[in-house]
Amino acid sequence: NSLDWFCVKHPDLTKCILYIIYAILIFSCAKVLGLHVAVAVIIFLLMAFYTLLMVSSAAFRLMREPIKQFGSGDPYPLLRVTYELLKHENGKAARLLVTVYRSAALCMVGEFEFAISVLKAANIESNTSATVPVKLLYYNDLADAYFMLGDYEKYAIWFEQYARIFSDMK
C-alpha cells in the first residue's frame, strides 16, 4: 500500500530508482555468474517492463478495497481514495476511471450536482484512451445524477448516449 502511494505520487522517481537498482543487481550478478551481456539486457528489459506495469497500475490497486466497500453500500472509503488519487497526475485512462468511480460515490451520498461537475470536467469526448466500459459508466453516472435531480431532459440525453454505446457492443 505504501509503495502504491509512492508510485502514484512519484511515478517517474519510482521508475528511475527501480531501473538503477535492477541495473546494478542484474549486471553484477551477470558478471559474477558469467552470463552473456545479452541475457542480462533481456532480464533488465523484462524487469523494466514489470516496473512500468507496477507503476501504472498502482492507482487501481489502491482502489480495489474501497470499490468492494462501495459495492457493499459504503461510499466513503472510495471518496477518500479517489480524492487523494486525483491530486496526482496519472495517465488519462487511469484519471478518467478514478473520476468515474468518484462520481458514483458522490451520487451515493446525494451529491448529484458535484458528481455532474466532476464528470463534465473529465471531458470524456476528448479522451481518446476512454474504453467502452468506462464510457458506459460515465454516461450512466451522468444520466443517474440528472434523473435524481429531476432534470429528465438531460437524463434522456445522457441515457441515449449510454444506450447507443451499449447497443454498439452487440
Side-chain angles (χ1 to χ4, degrees), residues 1-16 18 48-170:
N1 202 0
S2 296
L3 179 59
D4 286 333
W5 277 113
F6 190 83
C7 289
V8 166
K9 293 176 182 178
H10 313 286
D12 293 333
L13 179 60
T14 303
K15 288 184 271 188
C16 192
L18 290 174
F49 180 70
Y50 169 76
T51 300
L52 288 173
L53 290 176
M54 181 189 75
V55 170
S56 64
S57 64
F60 302 115
R61 287 190 304 277
L62 289 168
M63 287 196 320
R64 192 176 314 150
E65 189 59 34
I67 289 171
K68 287 180 188 174
Q69 293 168 326
F70 175 76
S72 299
D74 184 7
Y76 294 102
L78 188 57
L79 284 171
R80 281 190 294 276
V81 76
T82 55
Y83 175 77
E84 289 300 319
L85 288 171
L86 289 172
K87 287 182 183 178
H88 306 285
E89 186 57 40
N90 296 308
K92 281 175 134 179
R95 189 166 188 80
L96 181 60
L97 185 61
V98 170
T99 299
V100 168
Y101 274 111
R102 180 160 182 75
S103 72
L106 286 166
C107 284
M108 189 179 264
V109 297
E111 293 287 339
F112 305 112
E113 290 174 356
F114 189 26
I116 291 168
S117 69
V118 165
L119 287 169
K120 292 230 173 167
N123 195 8
I124 198 168
E125 287 80 19
S126 70
N127 191 331
T128 57
S129 61
T131 63
V132 171
V134 171
K135 287 180 181 180
L136 286 171
L137 290 170
Y138 177 90
Y139 291 123
N140 183 62
D141 286 356
L142 267 174
D144 284 350
Y146 279 116
F147 183 85
M148 296 306 290
L149 288 173
D151 190 337
Y152 302 117
E153 287 179 30
K154 288 185 180 173
Y155 160 77
I157 292 168
W158 295 111
F159 186 78
E160 285 176 20
Q161 282 284 84
Y162 168 84
R164 184 185 55 77
I165 291 171
F166 188 76
S167 68
D168 289 346
M169 287 176 41
K170 294 179 181 181

*Asks:* Take L97 and Y101, measure what side-chain contact (heavy atoms from CB on, under 4.5 Å) needs, and give me the verdict at the end.
*Replies:* CA-CA 6 Å; L97 185 61; Y101 274 111; 3.5 Å; yes

*Asks:* Calculate, to the nearest 0.5 Å, the distance between atoms OG1 and CG belonging to T14 and L52 respectively.
*Replies:* 11.5 Å

*Asks:* Out of curiosity, E111 CD to L79 CG, how far, rounded to the nearest 0.5 Å?
*Replies:* 9.0 Å

*Asks:* Quick one, L85 and W5 - any side-chain contact, counting heavy atoms below 4.5 Å?
*Replies:* yes

*Asks:* Restricting to non-hydrogen atoms, name the atom on T99 and the atom on V118 that form the minimum distance, rounded to 0.1 Å.
*Replies:* CG2-CG1, 3.4 Å

*Asks:* For a 4.5 angstrom cut-off between non-hydrogen side-chain atoms, does S117 reach K120?
*Replies:* no

*Asks:* Is the centre of the Y162 ring less than 6.0 Å from the centre of the F159 ring?
*Replies:* yes

*Asks:* Do M54 and L3 have side-chain heavy atoms sitting under 4.5 Å apart?
*Replies:*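 SC-SC contact between M54 and L3 confirmed.
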
*Asks:* Determine the minimum heavy-atom distance between V55 and P11, stating which atoms define it.
*Replies:* CG1-CB, 3.6 Å

*Asks:* Rounded to the nearest 0.5 Å, what's the gap from NE2 on H88 to NE2 on H10? Could you check?
*Replies:* 7.5 Å

*Asks:* Can you tell me how far apart CG (N140) and CD (Q161) are? Round to the nearest 0.5 Å.
*Replies:* 13.0 Å

*Asks:* Which pair of heavy atoms, one from C107 and one from F112, lies closest together, and at what distance?
*Replies:*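 That closest heavy-atom pairing would be O-CE2, 3.3 Å.
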
*Asks:* How close do Y155 and F147 get, counting heavy atoms only, and between which atoms?
*Replies:* CD1-CB, 3.5 Å

*Asks:* Any non-hydrogen side-chain atom of L78 less than 4.5 Å from a side-chain atom of R102?
*Replies:* no

*Asks:* Could you check M169 against V132 for side-chain contact (heavy atoms from CB on, under 4.5 Å), going step by step and ending with a plain yes or no?
*Replies:* CA-CA 8 Å; M169 287 176 41; V132 171; 3.5 Å; yes

*Asks:* Checking V98 against F60 for the side-chain contact (heavy atoms from CB on, under 4.5 Å) test, could you report, in this order, the C-alpha distance in whole Å, the side-chain angles of both residues, the deciding distance, and whether it holds?
*Replies:* CA-CA 8 Å; V98 170; F60 302 115; 5.7 Å; no

*Asks:* How about E153: does its CD atom have over 12 heavy atoms from other parts shown lying under 6.0 Å from it?
*Replies:*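 It does not: E153 CD has 12 such atoms or fewer within range.
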
*Asks:* Quick check for you: to the nearest 0.5 Å, what is the distance between L96 atom CG and I124 atom CD1?
*Replies:*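 These two atoms lie 5.0 Å from each other.
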
*Asks:* Does a sphere of radius 6.0 Å around CZ in F6 hold more than 12 heavy atoms from other residues, nucleotides or ligands, not counting ones at 6.0 Å or beyond?
*Replies:* yes

*Asks:* List the atom of A145, the atom of I116, and the distance in Å for their closest heavy-atom pair.
*Replies:* CB-CG1, 3.5 Å

*Asks:* Please identify each residue that fulfils side chain to side chain donor-acceptor pair (under 3.5 Å) with S57, with sequence neighbours left out.
*Replies:*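 Expected list: R61.
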
*Asks:* Pair K15, D12 - check side-chain contact (heavy atoms from CB on, under 4.5 Å), show working.
*Replies:* CA-CA 5 Å; K15 288 184 271 188; D12 293 333; 3.7 Å; yes

*Asks:* First locate atom CG of D4, then atom CG of L62, and finally report the distance between them rounded to the nearest 0.5 Å.
*Replies:* 4.5 Å

*Asks:* Do the ring planes of W158 and Y139 sit parallel (below 30°), tilted (30 to 60°) or perpendicular (above 60°)?
*Replies:* parallel

*Asks:* Might you confirm whether atom CD of E65 has over 12 heavy atoms from other residues, nucleotides or ligands at distances under 6.0 Å?
*Replies:*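 Counting neighbours around CD of E65, more than 12 heavy atoms of other residues, nucleotides or ligands fall under 6.0 Å, so yes.
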
*Asks:* Locate the shortest heavy-atom distance separating M63 from V81; write the atom from each residue and the value.
*Replies:* CG-CG1, 4.1 Å

